[in-house]
Amino acid sequence: MANRVKLGVNLDHVATLRQARNTPYPDLMEAIRMSEACGADGITLHLREDRRHIQDDDIYQAREVITTSMNFEMAATSEMQKIALQVKPEYCCIVPEKREELTTEGGLDVAAHRDRLSDLVAALREENILVSLFVEPNSLIIDVVAEIGASIIEIHTGHYADKHGMQQQHEFERIKDAAKHALDLGLTVNAGHGLHVGNVKPIADIAGMNELNIGHAIVSDSLFVGLEQAIHNMRHAMDGEPK
Ligand code: PXP
């Protein structure tokens with residue numbers, strides 16, 4: 001389908017369940033294969049500094065298994081940079097990380113970390129790894145992303161997802177304006193965080209949107225309907241087709 005918004009499936013929480021009991025199951029590689037077989041356009045894995053879900057071995061194994069596109073989500077640390085350069089994913093999404101957070105709680109402060117991010121983007125790009133920076137929907141921040149040399153932004157949709165009514169509409173307008181600004185600068189625009197079948201459609205419909213990265217809602221739904229059906233349901237919610 002022309003210009004269809006891509007669905008990147010984040011499978012961190014398959015590993016969360018596995019790590020809860022330190023069992024070999026659920027099998028993350030099987031989840032990757034299944035996700036790709038039923039329409040995922042890419043697989044996202046976040047190797048957190050505290051290794052609370054994805055483990056180092058998962059990243060190396062996943063590199064062998066993923067046939068679509070591997071999105072390695074990482075903090076801007078030298079440890080993660082080294083792993084990314086060894087693994088060579090198709091792209092890296094750089095996120096802020098705080099140990100005490102439940103999940104990634106906001107976009108990068110690109111101005112404060114400009115020099116470090118510039119060096120990281122340059123090192124990854126040298127190995128032909130595309131770099132995405134996870135940012136708040138804010139034009140000033142997006143200007144800095146373009147200056148740093150990253151070619152992709154992932155807009156943080158968490159505030160949109162947390163709000164309702166007029167406040168949600170306001171967040172939506174911010175995301176739409178930020179996406180337009182980024183596209184005008186020649187950046188590729190992705191989005192993600194907190195998206196589920198009930199709130200994904202307006203974001204998927206934003207002009208020029210390239211890819212949505214969605215994890216928690218898909219893995220949660222899969223408990224009730226299975227992973228394949230959960231991915232189909234998300235795809236249909238994005239496309240606006242009946243289930
Ligand atoms: N994008 C980024 C940068 C994230 O950190 C996450 C969460 O790991 C997601 C997308 C997916 O968010 P969710 O799990 O809420 O769908």
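Each ligand, and each atom within it, is numbered from 1 in the order the structure gives.
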Student: So do Tyr91 and Val131 actually touch side chain to side chain, heavy atoms under 4.5 Å?
Tutor: no

Student: So does Glu79 pair up with Lys82, basic N to acidic O under 4.0 Å?
Tutor: no

Student: Can you tell me if Gly194 contacts ligand 1 (heavy atom of the residue under 4.0 Å from the ligand)?
Tutor: yes

Student: Side chain or backbone, does Gly215 bring an N or O within less than 3.5 Å of an N or O on ligand 1?
Tutor: yes

Student: Is the shortest heavy-atom distance from the side chain of Tyr60 to the side chain of Ile83 under 4.5 Å?
Tutor: yes

Student: Based purely on interatomic distance, does Glu154 place a nitrogen or oxygen under 3.5 Å from a nitrogen or oxygen of ligand 1?
Tutor: yes

Student: Looking at ligand 1, does any of its N/O atoms fall within less than 3.5 Å of an N/O of Gly192?
Tutor: no

Student: Considering the heavy atoms of Val95, write down every atom of ligand 1 situated less than 4.0 Å from one of them.
Tutor: 3 (C)

Student: Side-chain donor-acceptor contacts of residues 62-70 below 3.5 Å, not counting sequence neighbours, with atom names and distances?
Tutor:
from, atom 1, to, atom 2, distance (Å)
Arg63, NH1, Lys88, O, 2.8
Arg63, NH1, Glu90, OE1, 3.4
Arg63, NH2, Glu90, OE1, 3.2
Arg63, NH2, Glu90, OE2, 3.4
Thr67, OG1, Glu36, OE1, 2.9
Thr68, OG1, Glu36, OE2, 2.5

Student: Once you restrict to heavy atoms under 4.0 Å, what part of His13 touches ligand 1? Side chain, backbone, both or neither.
Tutor: neither

Student: When you check the gap from the basic side-chain N to the acidic O, do Glu147 and Arg114 get nearer than 4.0 Å?
Tutor: yes

Student: Would you kindly specify which portion of Glu73 sits under 4.0 Å from ligand 1, judged on non-hydrogen atoms: side chain, backbone, both or neither?
Tutor: side chain

Student: So, are Arg235 and Asp41 salt-bridged, with charged N and O less than 4.0 Å apart?
Tutor: yes

